[in-house]
Amino acid sequence: MPARDRLLAVFVAVLWGCNFLAIHATLGQFPPMFAGALRFVVIAIPTLLFVPWPRVKLRYLLGYGLGFGTGQFAFLFVAMDTGMPTGLASLVLQASAPFTVLLGAVLLRERVSARQLIGILLAVAGMTAIAWQQAGHAALLPVILTLLAALSWAFGNLSMRRAEPDNPLHLTLWMSVVPPLPMFALSLLREGPAAQWHSLTTLGTPTGLLGLAGLAYVVLLGTVVGSGIWTTLMRRNPAGVVAPFSLLVPVVGLTASYFLLNERPSALEIVAAAVVIGGVLVGSLRRKPVSRLEEDLLPANA
């Protein structure tokens, strides 16, 4: 892998790690479900107008959109809105990798290697320690919601794999057409039109401007720039060489949250974070060629 591509991979990891800070800012202005709907509407409109159809079966596009888009971000945004620390959210979401392997084994009859199984067990042990720590602070529900977000991402991964797109970036962009309507409906039921309207009419306030900046970051840098560069790297280099750089995402997320949001993880959470990252690394690095399923474990646009 050329040095230029390594620097680009690190750059994407930094973009995606800071993406969680942008989500934090967005949720300071918009209700979580409404924020999710807006996030995808901004991408869906130009996609419908300018991006070619990815030439995949509709059921796989819907599965990808409902899993990766609607489910993941609905659970994640609500989790962060109800107290999930920003840095820990970037870490716990990595559970999508072992979830994808397990679902692939159960639903698609994919073979799970001994190394993958060890990695899954390590990741589960780390997640369990984090959940136990958060339960002591009466914050278990946000952890569970974040894990459900990771599980939804895993279902979306399987749909994307089954779709076998010629252009993965086009599929990722067209996936954004699916979530707006269900997320807007969920927002109406859970948050109500009054909360939606208030978030729009107060955009001129400092909090509103910060929320807009966060939303712009998530859409432009986190999704368009990050996913575009990552897709290019995946095409130019073996997936097994690019994949480990995704493990920098929670490192960036935890570090940025420490310095910018004053989040202070406990010693147990730091050790558990290292165990989770190690487990994902063990499960994703293999000596033989990387399978199509393992390519689906990589972040797209958290």
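Side-chain atoms are counted along with the backbone in the values below, which use heavy atoms only and exclude waters and symmetry mates. The chain is numbered in sequence order, starting from 1.
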Inset, instruction - Show the numbers, then the answer: is there a side-chain contact (heavy atoms from CB on, under 4.5 Å) between Leu169 and Val51? - result: CA-CA 10 Å; Leu169 181 58; Val51 179; over 6 Å; no
Inset, instruction - Enter the distance from Leu215:CG to Leu210:CG here, rounded to the nearest 0.5 Å. - result: 11.5 Å
Legend entry - Within residues 165-176 or reaching into it, pairs that qualify as salt bridge (Lys or Arg N to Asp or Glu O under 4.0 Å) - sequence neighbours excluded: Arg55-Asp166
Inset, instruction - Taking Glu263 for its side chain and Gly87 for its backbone only, find out whether a donor-acceptor pair lies under 3.5 Å. - result: yes
Inset, instruction - Please check if Val14 and Phe259 belong to a single hydrophobic cluster, counting links between Ile, Leu, Val, Met, Phe, Trp and Tyr side chain heavy atoms closer than 4.5 Å. - result: no
Inset, instruction - Please answer whether the main-chain N or O of Met33 pairs with a side-chain N or O of Glu191 as donor and acceptor at a distance below 3.5 Å. - result: yes
Inset, instruction - Taking all heavy atoms of Gly253 and all of Ser90, pick out the closest pair and write down the distance. - result: CA-OG, 3.7 Å
Legend entry - Heavy-atom donor-acceptor pair, Thr201 side chain to His198 backbone, under 3.5 Å: yes
Legend entry - Pair Thr100, Arg161: side-chain N/O donor-acceptor within cut-off below 3.5 Å: no
Inset, instruction - Report yes if the side chains of Phe40 and Val178 come closer than 4.5 Å at any heavy-atom pair, otherwise no. - result: no
Inset, instruction - Specify the closest pair of heavy atoms between Leu21 and Ser257, including all atoms of both residues, with the distance to one decimal. - result: CD2-OG, 3.9 Å
Inset, instruction - Taking Ser187 for its side chain and Met183 for its backbone only, find out whether a donor-acceptor pair lies under 3.5 Å. - result: no
Legend entry - Ala79 versus Thr146, closest heavy-atom pair with distance: CB-OG1, 3.4 Å
Inset, instruction - Report the relative orientation of the aromatic rings in Phe73 and Phe68; use parallel for angles under 30°, tilted for 30 to 60°, perpendicular for over 60°. - result: perpendicular
Legend entry - From Trp16 atom CH2 to Phe11 atom CZ, the distance as rounded to the nearest 0.5 Å: 11.5 Å
Inset, instruction - Would you give the length of the straight line joining atom CD1 of Ile45 to atom OG of Ser176, rounded to the nearest 0.5 angstrom? - result: 11.5 Å
Inset, instruction - Identify whether Val224 and Val177 are in the same connected component of the hydrophobic contact network (ILVMFWY, side-chain heavy atoms under 4.5 Å). - result: no
Inset, instruction - With Pro32 as reference, evaluate Thr82, Leu186, Asp81 under the side chain to side chain contact (heavy atoms under 4.5 Å, CB included) test and give the passing residue. - result: Asp81
Inset, instruction - Would you please name every residue forming a ring-ring contact (aromatic ring centres under 6.0 Å, His included) with Trp197, sequence neighbours left out? - result: none
Inset, instruction - Would you name the heavy atoms of Leu147 and Ala95 that are closest together and state the gap between them? - result: CD2-CB, 3.9 Å
Legend entry - CZ on Arg162 to CG on Asn157, rounded to 0.5 Å: 14.5 Å
Legend entry - Side-chain (Ser199) to main-chain (Gln196) donor-acceptor, under 3.5 angstrom: yes
Legend entry - Any donor-acceptor N/O pair, Thr255 side chain to Val252 backbone, under 3.5 Å: no
Inset, instruction - With Tyr217 as reference, evaluate Leu212, Val225, Ile23, Leu15 under the side chain to side chain contact (heavy atoms under 4.5 Å, CB included) test and give the passing residue. - result: Leu15
Legend entry - Heavy-atom pair with the smallest gap, counting every atom of Leu88 and Leu254: N-CD2, 3.8 Å
Inset, instruction - Would you confirm whether Ser96, through its side chain, and Ala154, through its main-chain N or O, come within 3.5 Å as a donor-acceptor pair? - result: no
Legend entry - Transitive ILVMFWY side-chain link Leu171 to Leu48, under 4.5 Å: yes
Inset, instruction - State plainly whether one hydrophobic cluster holds both Leu221 and Phe77, where clusters connect Ile, Leu, Val, Met, Phe, Trp and Tyr through side-chain heavy atoms under 4.5 angstrom apart. - result: yes
Legend entry - Distance in Å, Arg264 CZ paired with Ile270 CD1, rounded so as to fall on 0.5 Å steps: 10.5 Å
Inset, instruction - With rounding to the nearest 0.5 Å, note down the distance linking CD1 in Ile277 to CG in Leu122. - result: 12.5 Å
Legend entry - Smallest separation among heavy atoms of Pro182 and Thr70, with atom names: CG-OG1, 3.8 Å
Inset, instruction - Hey, could you give me each pair passing ring pair (Phe, Tyr, Trp, His ring centres under 6.0 Å) that has a residue in residues 42-61? Not counting sequence neighbours. - result: Trp53-Trp174
Inset, instruction - May I ask you to decide if Ala105's main-chain N or O and Arg111's side chain share a donor-acceptor pair within less than 3.5 Å? - result: no
Inset, instruction - Following the transitive rule for hydrophobic clusters with a side-chain heavy-atom cut-off under 4.5 Å over Ile, Leu, Val, Met, Phe, Trp and Tyr, establish whether Leu200 and Phe184 coincide in one cluster. - result: yes
Inset, instruction - Answer whether the closest heavy-atom distance between the side chains of Val42 and Val218 falls below 4.5 Å. - result: no
Inset, instruction - Give the C-alpha distance, both sets of side-chain angles, the deciding distance and a yes or no for side-chain contact (heavy atoms from CB on, under 4.5 Å) between Leu8 and Val12. - result: CA-CA 6 Å; Leu8 285 173; Val12 173; 5.6 Å; no
Legend entry - Validation row: Met84, Leu145 side chains within 4.5 angstrom (heavy atoms): no
Legend entry - Within-4.5 Å side-chain heavy-atom neighbours: Met160 and Pro168: yes
Legend entry - Main-chain N/O of Phe20 paired to Thr86 side chain as donor or acceptor, under 3.5 Å: no
Inset, instruction - Decide yes or no on side-chain contact (heavy atoms from CB on, under 4.5 Å) for Thr26 and Arg39, but give the supporting numbers first. - result: CA-CA 10 Å; Thr26 303; Arg39 174 212 191 281; over 6 Å; no
Legend entry - Under 3.5 Å donor-acceptor, Gln72 side chain and Gly67 backbone: no
